[in-house]
Amino acid sequence: MSGPGGPHGEAGGLLVELLGDKLVTAEREEVDVQSLCSRVSMVGLLFGCGMSAPCLQELAGLTDFYRNTRDRLEIVLISSDPDHKKWQLFIKDMPWLALPYQEKHRKLKLWNKYRISNIPSLIFIEASTGKIVCRNGLLLIKDDPEGLEFPWGPKPFCEVISGPLIRNNGQSQESCTLEGSYVGIYFSAHWCPPCRSLTRVLVESYRKIKESGQKFEIVLVSADRSEESFKQYFSEMPWLAVPYSDEARRSRLNRLYGIQGIPNLIILDPKGEVITRQGRVEVLHDVDCKEFPWHPKPVVELTDLNAVQLNEGPCLVLFVDSEDDGESEAAKQLIQPIAEKIIAQYKAKDEEAPLLFFVAGEDDMTDYLRDFTNLPEAAPLLTILDMSARAKYVMDVEEITPDIVDSFVSDFLAEKLKPEPI
């Protein structure tokens, strides 16, 4: 049995940092977070809300799964219910634990940390390390309702994709032919208008990249509702697809990349490692594919296309007072070393950076963002915007220096800054 300094003690400390000292049961009994690691090897973080019909539907199946696996894992509800009575009603029949209602700040941090955009969401993490095992836990439960494949360690792309792939002319080839190529995994469906719009652009991008001599292939993972719809949609595409009939493989790929919405284009390097999850934005932004394979930039210019990322978590946005590209480029160079340092620190922990970094010039998008967040017209203006918390942090000084940005970011991450409401 490990003492406070042993492995269970260290791991318990990690969970305490994440979840706080105490969780509660439906009967409002307190449970020590520190004790979880001696009992389970995995924790499922369940993000939901009692006012959401999809949450209530999904949770019925989750109860049976939990009873089959509770000797190995614990589930913790992180609810976004707006008042205490609704929260109590939501948890009253739940057999798992919950983050206490009053832990509103911790709840918000968890939603931001795991970039939750849809509910319900279930993320499995290792109890001992905090590492993410699966971002799409609800899909995992549909695939493995009795937990027979526990502990569901991440599998390499080559193993998950393994099997025949097809072209729209009926020809088939083995997935091993993808080895040595850049690969775009395209999650899409004919019933989805944004998917159809992206497909039209992507066909041209695919042609340009292939004509440039790059080894590149796209694999469609369909979310169509029938084989006929799939065939109709796939007939427009010059690339490969997972056969529609292979539902298990399509589901495993959705699970592997934690897909929560479509269209989604994941770009992989020739070793099968993720280069970017923002393939959709890159394809629309770089129509000539000059920057393929679109390695992520530490700092990007805010545009209509990437503004959706402002909803994914806290974002540092430096507003500059010029339509001149030189001004924006200088601002990027100023922020870049700080952004690279933060990204590297969190990558070493196998975690996503807690901030995205943007430079905003003068255009309609910037005007709209200033109006929406009620920011002053001053420039340069250094801000951190947290849309999910409806909070902003503003530094209005005459000159922005690297030291000012560094201190601003450090104070934000240390929770020393006072938020203003958006």
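Throughout, numbering of the chain's residues begins at 1 and tracks the sequence. Reckoned from all heavy atoms, side chains included, excluding hydrogens, waters and symmetry mates.
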Student: Between F150 and W152, how do the two ring planes meet: parallel, tilted or perpendicular, split at 30° and 60°?
Tutor: perpendicular
Student: Can you tell me how the ring of F157 sits relative to the ring of Y257, calling it parallel under 30°, perpendicular over 60° and tilted otherwise?
Tutor: tilted
Student: Side chain of D32, backbone of Q34: donor and acceptor closer than 3.5 Å?
Tutor: no
Student: With rounding to the nearest 0.5 angstrom, report the CZ to CG distance, F358 to L318.
Tutor: 13.0 Å
Student: Under a plain distance cut-off of 3.5 Å, with no hydrogens placed, do S226 and D224 share a side-chain donor-acceptor pair?
Tutor: no
Student: Roughly how far, to the nearest 0.5 Å, is the CG atom of L77 from the CG atom of L97?
Tutor: 10.0 Å
Student: Judged by modelled atom types alone, do D363 and T366 share a side-chain donor-acceptor pair under 3.5 Å?
Tutor: yes
Student: Are the aromatic ring centres of F292 and Y182 under 6.0 angstrom apart?
Tutor: yes
Student: Applying side-chain hydrogen bond (donor to acceptor under 3.5 Å, both in side chains) to E329 and Q333, what does each step give before you reach the verdict?
Tutor: CA-CA 6 Å; E329 195 54 43; Q333 295 302 321; 3.1 Å; yes
Student: Mind checking whether F216 and Y206 have parallel, tilted or perpendicular rings, split at 30° and 60°?
Tutor: tilted
Student: Over 60° means perpendicular and under 30° means parallel, so classify the ring planes of Y101 and W87, tilted if in between.
Tutor: tilted
Student: In Å and rounded to the nearest 0.5 Å, what is the NE2 to CZ distance from H190 to R225?
Tutor: 12.0 Å
Student: With no hydrogens and no angle check, do the side chains of Y233 and S188 hold a donor and an acceptor under 3.5 Å apart?
Tutor: yes
Student: Do the side-chain N and O atoms of T199 and Y186 include a donor-acceptor pair separated by under 3.5 angstrom?
Tutor: yes
